[in-house]
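Read the structure below first, then the notes.
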Amino acid sequence: MAAELMQQGLNWLTLGCIYALIAVGFSLLFGVLKVIHFSHGDVSLVAPFVALAALQGWSASASGMSAIGLLVACAIAVVATGILGVVLDWLVIRRFRDAPAMMALVATVALGIALRESVGHIFPNGHNPQPFPRLIDANFNVTEGFNLPAFNVLVIGSSIAVVVLLFLLLQHTPLGVRIRAVSQDREAARLMAISPSSVFRATFFITSAIGGLGGLFYASYAGVTRFDFGIQAGLIGFSAAVVGGLGSMPGAIIGSLLIAGLDTIVQATLPDGASYRLVFAFLLVILVLVFRPAGLFGSVAVEKV
Amino acid sequence: MRPTFSDITIVIALELIGAILLRFFLLADDWRIVGGILLLFCAGFAVMQFRSDWESRIGDAFNRGTRLAVGLAILLVLLFPLALNGNTYALHLLIVSQLYAVLAIALNFQLGSANIPNFATGASYGIGAYVSALLAIHFNVNFWLALPAAAVAATAFGFLLGVPSMRTRESYLALVTIAFGVVIHQLLNNFDWTGGPNGLVGIPAPSLFGHSFASPIVIGGIKLPSQANFYYLSAVLVGIAIISAQRLHGSRIGLAWNALRADELAARCQGINVIWYKVLAFAVDAFLAAFAGTIYAFYISFISPDNFTFLVSVTIMTMVIVGGMDNIFGVIVGAFLLTMLPEKLRAFSDYRILFFGIVVILFLMIRPEGLFPQRLRRYGGSE
Amino acid sequence: MSGHAVLRGEGLTIRFGGLVAMDGVDFVLQAGEILGVIGPNGAGKSTLFNLITGLYQPTAGKVFLNDRPLNGLPAHRIVQMGISRTFQSSRLFTDLSVLDNVIIGMHCRTQSGVFDAMLRPSKARGELRQAAAKAGELLRSVSAGLYDQRGRAASELAQADRRRLEIARALAAEPKVLLLDEPSSGMDDRDTDALIADVRAIIARRPELSIMIIEHDMRLVAELPHRVMVIEYGRKIAEGSFADIRNMPRVQEAYLGRKATAHA
Ligand SMILES: Nc1ncnc2c1ncn2[C@@H]1O[C@H](COP(=O)(O)OP(=O)(O)O)[C@@H](O)[C@H]1O
Ligand SMILES: [Mg+2]
């Protein structure tokens, strides 16, 4: 029983970390853009496909699949996803900076669809699920009946590291200061000779790369990747950010842990729980929004007139 | 004002040309004919773009000759199936297009008139379809009673969906509507009594005055395939949708929606209860969508959750954006175009969804007002 | 001036986080009176209007319209009770026609609901047509130039006409109290003169209408208001006739400075 509980606790933390890697991006992007970038989930879930492609290229040249090959493929995927974010901003999203929020919203939803479908068409046989390897396959045998898979340790450890790094970057580097300045007041930042578009580029790169890492973990956790995982991952990440309060980093993390917790409980207790996971996550979102429209950690801003 | 002779000519000529092109488009097997007709369509638009005086001339002709235009349009709709050489596939496409036209008009109340994002029109459509199908299968309720029952159920759902809009806006509201849509889809997929992923089968065909909609129409020696029943039924529904849309648009309610679209805070300061008008937009959308859903269910006689996904909602949204927000005619054209195009360009049908995504982005970037932009209201010909 | 208080504020206070944007302000507006509100930028003048119109909820204090408390009422109810306003940076419904902007201003003086619109269209249309005729008259009475442009989109108007249209829209609700937030901003001297004449014409037709007007242009402040109140850092620091307050050292320090002395 205790081992079972610990196992579930571990699942919860692992899922929470994966969601947080995506949710943090939603929150940070909303902070600077002031509009939700709905396709962030789809961008993030491009990473596993890039990694698979890189792996196939690698195993064609070297023989067989190796740990190094996997590592290099993942690194390539993370950087490529970061660049993809910047490119999409340049191609599409920046054109909606001054447009009504509704248009940017619909445009990014459409962008997510286009991205998803492109992956499905470009990747060979991409509309079918693709097996995705576990990033590490070792196990630490802690006590009788309780295994600590190295994969979970990897996910939790690197998520914490990434979040700490992101926090340090935002608080203690010149780039971080500029990002915060632009998210507080874009016009004031411009007057202080901070170019918002360079800040947008940097933010897109950082958040998309982090999301890419989350996407790799997401696929690896599931053991497969699908072209339409992006919508699910995106909706969960976005929900987590909203539950926490858009724009708030700690909010995004706590929101992720909440949704992952709900997810774990539902899957462990309900028969057929897996098919209801989104239902419960969304019920939580709807409840939170009805009672706390700005999320748990957000404060309602009164529009200046 | 009475229409002049040239007004009459313009109206008749344009409607006839439209009908003829539609007929050839529907019956074309060769993609070159399809492409040619599309090119003609684009050329028409290019001309309008550069000769806005022609555009306003046409607009005036239709304004002055409204009665003639409506009468002729009804006549053409009535006679159209006769011109299809009994091609049932063409009739099927027309039915689906008309149902999507209704859905697009429904969504237009929100997206076009009031600028509220709603990604759950597909869900309201599904609720309409499922409620009426369940009533018909389990309780033997006939189509004509199931129709209003489904509408009531979906409207209740619309109000529910509208509740979060009291306190949330834009991105948050969009998330709530997406969430509602996904939840409905997953519930339909998981419940036993909705048939799970297999859906519901054997929905009985409606009948009217003893005439079953499953049998062909025979009038004076002319025989039309059974699809014609549903063709006329959905045409009536389009008519109802157009009338409702016009009545709302031309009333204090349409104005209030437009006001909150332009500036919600200023709208509040004109005495507009924006919460009520937002919820109302959700309810009206769901009401009309349920009608379309019911007809769809009884027409196909088989429904499954996959008919009512998030992508269906996005497709409807694409139709509104492409056709022209807050322009009823434009929205209908958008629905017809985007229903028939993927079917006609079968070779590209794998790329249908990708195509929708890209079309939306391009339209929002290049022509956000859509093919047919909204028009300013006119009162009593005083201008 | 008939001399009873139409609008009254008591101890109005609002905080935004650490900032006290309005701190214990009392004011009274008499029927038929024009009350000027002046003060430096960021003093809290617009905040006062936002508190009155229900856009902001006060942290403390109350607003009364004819002795009825307005606190907690939503903005749209307050308009219905008779307080209309304009905005510092104009907020027209730019993609609608000039006439539609005014008709929307009549929203709380018209009735038809969904069922009228759907099932009794002739009644709903008739009401709207009547509203359109009335709106036309109102536009004509505010400015003939605006009336001629009634079929155009509001976005096509020149700056001065936008401000006029905003006033016309506010009047369409048949208010007892009209709040004008910097109506002359963005106008040159000639437009401002025309504005003064417009406001005079408006009150000539509506002797019962009370007006509060936030202004920076001292010519207008000298000419229109019967009384002026001065706000600084969210507090009322002076009140009285323009002639009186403009000589108060405190007011000069706070706000008037060189610009006003040059005008005087
Ligand atoms: N919604 C709001 N949120 C935060 N601060 C506000 C808000 N509205 C006004 N303020 C602040 O209150 C102060 C007074 O603003 P305002 O009333 O607009 O000044 P003004 O006298 O120029 O009209 C300013 O410092 C402004 O920044
Ligand atoms: Mg101000």
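For clarity, every value in this text was computed on a predicted model and none was experimentally measured. Worth knowing before you read on, the calculation uses all heavy atoms, side chains too, and leaves out hydrogens, waters and symmetry mates. In the text below, chain A, chain B and the rest are named by the order of the sequence lines, each starting its count at 1.
- Remark: A/Arg180 CZ is packed, more than 12 non-hydrogen atoms of other residues, nucleotides or ligands lying under 6.0 Å away.
- Annotation for C/Arg109: atom CZ counts as buried by contact number, over 12 foreign heavy atoms lying within 6.0 Å.
- One finds the NZ atom of A/Lys304 at 8.5 Å from the OG1 atom of C/Thr47 (value rounded to the nearest 0.5 Å).
- Residues C/Arg91 and A/Val305 meet the side-chain proximity criterion, which asks for heavy atoms closer than 4.5 Å.
- Heavy-atom distances place the side chain of C/Tyr56, and not its backbone, under 4.5 Å from chain A.
- Atom CZ of A/Phe205 has more than 12 heavy atoms from other residues, nucleotides or ligands within 6.0 Å.
- When the shell of 6.0 Å around CG of C/Asp188 is examined, it contains more than 12 heavy atoms from other residues, nucleotides or ligands.
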